[in-house]
Amino acid sequence: MSPLLPVAEALARILADVRPVEAESVAITAAAGRTLAEDVRALRTQPPFSTSAMDGYAVRAADVAGASPEAPVRLRLTATSAAGHGARGPVGSGEAIRIFTGAPLPEGADTVVIQEDTETEGDTVLARAGNPAGRHIRGSGLDFREGDRLLAAGERLDGWRVALAAAGGHPALSVRRRPRVAVLATGDELVRPGEPAAWDQIVASNGLALAAMAESAGAEAIDLGIAGDTFADLEGAIARARDAEADLLVTLGGASVGDHDLVQSALTRQGLDLGFWRVALRPGKPLMHGRLGSMAVLGLPGNPVSSVVCGLLFVHPLIRALLGDPEAGADRSEPALLGRDLPANDGRQDYMRAALDTAPDRLPVVHPAERQDSSMLSVLARSEALLIRAPHAPAARAGDPCRILRLDRGL
Ligand SMILES: Nc1nc2c(c(=O)[nH]1)N[C@H]1C(S)=C(S)[C@@H](COP(=O)(O)OP(=O)(O)OC[C@H]3O[C@@H](n4cnc5c(N)ncnc54)[C@H](O)[C@@H]3O)O[C@H]1N2
Ligand code: MOO
């Protein structure tokens with residue numbers, strides 16, 4: 001049997017040679033959550049003209065220099081500049097234009113006196129405070145100028161990035177098509193949620209976690225359902241993944257060495273080009289990687305926590321790589337301090353489910369759960385992080401430095 005592959009090498013091999021999926025154009029209104037295929041440059045300058053940041057009066061700074069409540073300066077009101085109804089001016093000496101937030105600054109004015117510092121008498125405004133030139137004015141191009149690079153290829157479009165691209169004049173954006181990720185549960189013991197289960201059956205749960213994770217990474221999840229432990233069933237499901245032109249097939253279970261663990265053999269019969277099988281990882285040792293034509297294949301172990309950990313460590317980065325994200329596979333671990341003593345580790349890199357004790361200005365203290373069985377979703381759901389223990393790490397004491405991977409609730 002092949003030796004166990006180190007986790008970092010497994011990830012590197014999964015990401016090697018991944019080519020991003022094609023680009024497509026989406027309306028800006030549907031762009032949130034997508035990943036940019038190209039840099040986004042501003043088609044407009046923002047703001048396109050100097051604007052007032054406050055409600056008040058556009059004046060010449062020289063006119064109001066020295067104005068005070070005791071010695072207000074009288075100015076003649078000549079016009080109004082409102083957002084969408086700008087006044088071009090000019091503002092002459094001794095004059096003021098009523099102005100509102102977001103309205104264009106009229107020519108000749110170089111400052112805005114806020115209305116709280118003024119009083120009006122008919123067509124006259126009394127400025128009770130002076131303002132240096134530029135006060136309460138947003139100069140043209142304050143945010144960005146036409147031609148500036150606003151966003152980079154590979155960036156995920158959250159709401160504020162979409163807003164930025166829209167402000168930059170883009171009604172549509174070039175994004176990567178959503179990679180299609182087919183998720184297949186395997187095992188005669190599995191029933192769908194809500195289906196009646198015989199005494200020796202359980203509910204298929206892992207596929208839901210992997211589908212949700214794939215979608216939140218930016219993919220389209222395709223539910224291939226449950227294949228029984230027969231070649232006919234497995235090969236039928238593999239054919240459906242190919243028919244759906246999946247970019248990635250994720251299988252769950254049947255990855256180990258038992259008599260009913262047929263997934264790899266079924267894939268091999270269909271022409272699998274095996275990359276590797278078995279990683280020095282706990283939980284998740286029987287992980288398998290390969291290619292079936294243009295489709296990447298990740299065979300995940302069936303134990304629920306093993307599936308999820310493999311999803312976080314390998315499926316998520318692979319989807320990000322398919323989306324052309326240059327950060328795909330970047331180390332997201334962070335330093336922490338151990339909350340209790342731990343024995344020496346064996347040869348598998350461990351990802352222990354753990355709670356965090358956090359306080360401002362100090363490293364989080366990580367408390368691994370007592371029960372680390374890879375079947376226990378209840379422990380995973382209560383956990384905030386995975387405590388990473390390197391292969392052959394020596395025994396460690398409470399307070400020792402360590403590294404953790406926070407469990408992102410968005411996944
Ligand atoms: N002799 C050996 N036995 C096992 C080894 C080994 O090296 N030698 N490895 C163990 C490890 S580690 C793991 S992990 C498991 C994984 O094995 P499989 O991938 O073949 O998983 P299954 O046997 O199919 O299932 C394991 C467990 O998980 C349940 N399961 C499977 N799919 C789902 C699903 N979609 N939703 C919920 N639960 C699921 C399944 O019923 C089993 O209870 O192998 C060890 N054995
Ligand atoms: O690797 Mo298995 O995932 O230890 O339970």
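Everything numeric in this text was worked out from a predicted model, so none of it was measured. By convention here, the first residue in the shown sequence is residue 1. Indexing begins at 1, ligand by ligand and atom by atom, following the structure's order.
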Going by the atom numbers of ligand 2, which of them fall below 4.0 Å from some non-hydrogen atom of [X]?
| X | result |
| --- | --- |
| Ser374 | 5 (O) |
| Asn303 | 5 (O) |
| Ser306 | 2 (Mo), 3 (O), 5 (O) |
| Pro283 | 1 (O), 3 (O), 4 (O) |

Tell me whether Ala204 reaches ligand 1 (any heavy atom closer than 4.0 angstrom to a ligand atom). yes
Please list all pairs meeting ring pair (Phe, Tyr, Trp, His ring centres under 6.0 Å) that have one or both residues in residues 286-305, counting only residues at least two apart or in different chains.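 Only Phe276-His289 qualify under ring pair (Phe, Tyr, Trp, His ring centres under 6.0 Å).
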Considering only non-hydrogen protein atoms, determine which one is nearest to [atom] and report residue, atom name and distance to 0.1 Å.
| atom | value |
| --- | --- |
| atom 8 (N) of ligand 1 | Val257 CG2, 3.5 Å |
| atom 1 (O) of ligand 2 | Gly284 N, 2.6 Å |
| atom 42 (C) of ligand 1 | Glu189 OE2, 4.2 Å |
| atom 10 (C) of ligand 1 | Ser256 OG, 4.2 Å |
| atom 39 (C) of ligand 1 | Gly302 O, 3.4 Å |
| atom 36 (N) of ligand 1 | Ser205 N, 2.9 Å |
| atom 33 (C) of ligand 1 | Asn206 ND2, 3.5 Å |
| atom 27 (C) of ligand 1 | Asn303 OD1, 3.2 Å |
| atom 7 (O) of ligand 1 | Lys285 NZ, 2.8 Å |

Run the salt-bridge test on Glu119 and Arg128 with the 4.0 Å N-O cut-off and return the result as yes or no.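 Yes, Glu119 and Arg128 are salt-bridged.
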Identify whether the distance between the nearest side-chain nitrogen and carboxylate oxygen of Arg406 and Glu384 falls below 4.0 Å. no
Looking only at distances, can you tell me whether any N or O atom of Arg282, backbone or side chain, sits closer than 3.5 Å to an N or O atom of ligand 2? no
Consider only side-chain N and O atoms of Arg282 and Ser374, and report whether a donor and an acceptor are under 3.5 Å apart. no
Donor + acceptor pair across side chains of Arg98, Thr80 (<3.5 Å):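 Looking only at side-chain atoms, Thr80 and Arg98 do not form any donor-acceptor pair under 3.5 Å.
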Are the side chains of Glu235 and Arg240 in contact, using a 4.5 Å heavy-atom criterion? no
Need the ligand 1 atom indices (1-based, order shown) with element for anything under 4.0 Å from a heavy-atom of [X].
| X | result |
| --- | --- |
| Ile202 | 38 (N), 41 (O) |
| Ala255 | 18 (P), 19 (O), 20 (O) |
| Val203 | 37 (C) |
| Arg348 | 12 (S) |
| Gly253 | 19 (O), 21 (O), 24 (O) |
| Ala185 | 35 (N) |
| Gly254 | 18 (P), 19 (O), 20 (O), 21 (O), 22 (P), 24 (O) |
| Pro286 | 13 (C), 14 (S), 16 (C) |

[X] side chain vs [Y] backbone, donor-acceptor pair below 3.5 Å:
| X | Y | result |
| --- | --- | --- |
| Asp247 | Pro179 | no |
| Trp277 | Pro286 | yes |
| Asp346 | Arg348 | yes |
| Arg389 | Pro394 | yes |
| Asn303 | Ser306 | no |

Under the rule for side chain to side chain contact (heavy atoms under 4.5 Å, CB included), what residues qualify as partners of Asp223, not counting sequence neighbours?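 Counting only residues at least two positions away or on another chain, Asp223 forms a side chain to side chain contact (heavy atoms under 4.5 Å, CB included) with Arg192.
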Return the option from Lys285, Gln372, Arg348 holding the heavy atom at the smallest distance from atom 4 (O) of ligand 2.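 It is Arg348 whose heavy atom sits nearest to atom 4 (O) of ligand 2.
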Can you measure from CG (Asp350) to CD (Gln372) and round to the nearest 0.5 angstrom? 6.5 Å
Any idea which part of Asp261 is under 4.0 Å from ligand 1, heavy-atom wise: side chain, backbone, both or neither?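 Just the side chain.
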Using side chain to side chain contact (heavy atoms under 4.5 Å, CB included) as the criterion, point out the one residue from Leu274, Leu234, Asp273, Leu272 that pairs with Leu267. Leu272
